[in-house]
**Student:** 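Take a look at the following structure, please.
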Amino acid sequence: KAGVTQTPRYLIKTRGQQVTLSCSPISGHRSVSWYQQTPGQGLQFLFEYFSETQRNKGNFPGRFSGRQFSNSRSEMNVSTLELGDSALYLCASSLREGYEKLFFGSGTQLSVL
Amino acid sequence: GENVEQHPSTLSVQEGDSAVIKCTYSDSASNYFPWYKQELGKGPQLIIDIRSNVGEKKDQRIAVTLNKTAKHFSLHITETQPEDSAVYFCAAKETMNSGGYQKVTFGTGTKLQVIP
């Protein structure tokens, strides 16, 4: 069974631009969570989607948004990029809403110049 | 909300020695405690987990202990090998109830280096 797939693997953007990241969960998994990983802050929860609905949201500004499609694939968008948005963005899928075991993708490394 | 503290931030051990990583949590309602291993260039991978109704769990060279009273839990790796070198994250989560979903809160990570 294929794992969680995140695309693209690397992104370089400039301040003020926007970016869209994609995540395909493990087949059969219906919940997708997004995390931001930085050296200083560790893994910070962004949001979780289940059945195309955002179920929970972390403490990030409104520039960070996401959505989930009917096939459980998810995208997250960051608008008006800032230098501090440079990070590894990880997507994790799980079997169902609130299920504890998370399966992570390899992430998208975003660099904002 | 939940706060998880993890120590040490870096740990170097000789191959064959044991490694211990400790975490504390703040929310007494948390009842699920997973540990993740992240190798370079990869996402975190679940290696072992424990629920609050269990005090210890072991899987080959890896074990986790939980002290609910003190609100701390630890990862123990015995007979360490070079392939154990990675960043390890602890986490805490409150099981979802009918009232809503609780997110997983991660510790800040421990970089383990096993010296051959």
Side-chain angles (χ1 to χ4, degrees), chain A residues 2-10 21 23-26 29-51 53-60 66 68 87-109, chain B residues 1-10 21 23 25 27 29-54 57 59 64 73 86-111:
Chain A
V4 178
T5 303
Q6 290 189 247
T7 56
R9 187 71 178 88
Y10 301 95
L21 313 181
C23 172
S24 293
I26 292 172
H29 284 198
R30 299 175 59 196
S31 175
V32 173
S33 301
W34 289 88
Y35 289 82
Q36 181 195 65
Q37 185 176 22
T38 57
Q41 298 296 317
L43 283 92
Q44 300 291 314
F45 173 76
L46 282 155
F47 27 66
E48 188 209 17
Y49 285 87
F50 178 79
S51 293
T53 303
Q54 187 180 92
R55 297 301 200 182
N56 202 0
K57 191 178 191 304
N59 297 322
F60 279 83
Q68 186 180 34
L88 179 67
Y89 290 88
L90 292 161
C91 165
S93 77
S94 60
L95 201 58
R96 56 182 181 271
E97 182 182 16
Y99 190 65
E100 297 96 345
K101 297 185 191 296
L102 301 177
F103 296 83
F104 284 88
S106 295
T108 294
Q109 183 67 54
Chain B
E2 175 66 276
N3 182 48
V4 178
E5 294 189 357
Q6 183 172 348
H7 301 281
S9 56
T10 60
I21 303 171
C23 289
Y25 61 99
D27 190 348
S30 290
N31 54 14
Y32 175 72
F33 307 93
W35 285 88
Y36 287 83
K37 174 184 180 183
Q38 186 175 24
E39 297 175 329
L40 197 62
K42 298 183 180 180
Q45 179 183 9
L46 179 67
I47 56 172
I48 194 168
D49 56 10
I50 192 169
R51 297 187 185 279
S52 58
N53 59 347
V54 176
K57 184 176 180 180
D59 182 4
V64 58
F73 55 114
V87 178
Y88 291 81
F89 292 93
C90 63
K93 182 182 182 300
E94 181 180 352
T95 299
M96 186 183 75
N97 53 31
S98 58
Y101 167 66
Q102 302 297 321
K103 67 183 187 293
V104 177
T105 302
F106 285 84
T108 49
T110 296
K111 185 175 182 180

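We name chains A, B, ... by the order of the sequence lines, and we start the count at 1 in each one. Note that these values count all heavy atoms, side chains included, but never hydrogens, waters or copies made by symmetry. What you are looking at is a predicted structure, and each value in this text was computed from that prediction instead of being measured.
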**Student:** Under the ring pair (Phe, Tyr, Trp, His ring centres under 6.0 Å) rule, collect the residues that match up with A:Y49, sequence neighbours excluded.
**Tutor:** A:F47
**Student:** Look only at the side chain of B:Y36 and the backbone of A:F104, and say whether a donor-acceptor pair between them is shorter than 3.5 Å.
**Tutor:** no
**Student:** Got more than 12 heavy atoms from elsewhere within 6.0 Å of CG, A:N59?
**Tutor:** no
**Student:** With only heavy atoms counted, which part of B:P34 is less than 4.5 Å from chain A, the side chain, the backbone, both or neither?
**Tutor:** neither
**Student:** Is A:Q6 close to chain B through its backbone or its side chain, or both, or neither, when contacts mean heavy atoms under 4.5 Å?
**Tutor:** neither
**Student:** Below 4.5 Å from any heavy atom of chain B, which atoms of A:L90 appear? Answer side chain, backbone, both or neither.
**Tutor:** side chain
**Student:** Can you tell me if B:Q45 has over 12 outside heavy atoms packed within less than 6.0 Å of its CD?
**Tutor:** no
**Student:** Can you confirm whether A:Q37 sits close enough to B:F106 that some side-chain heavy atom of one is under 4.5 Å from a side-chain heavy atom of the other?
**Tutor:** no
**Student:** Atom NZ of residue position B:K42 - does it have more than 12 heavy atoms of other residues, nucleotides or ligands inside 6.0 Å?
**Tutor:** no
**Student:** Do you know which of B:G107, B:G109, B:G41 has the most heavy-atom pairs with chain A at a distance under 4.5 angstrom?
**Tutor:** B:G41
**Student:** Are B:Q38 and A:L88 close enough, and set up right, to give a side chain to side chain contact (heavy atoms under 4.5 Å, CB included), and what steps lead you there?
**Tutor:** CA-CA 13 Å; B:Q38 186 175 24; A:L88 179 67; 4.0 Å; yes
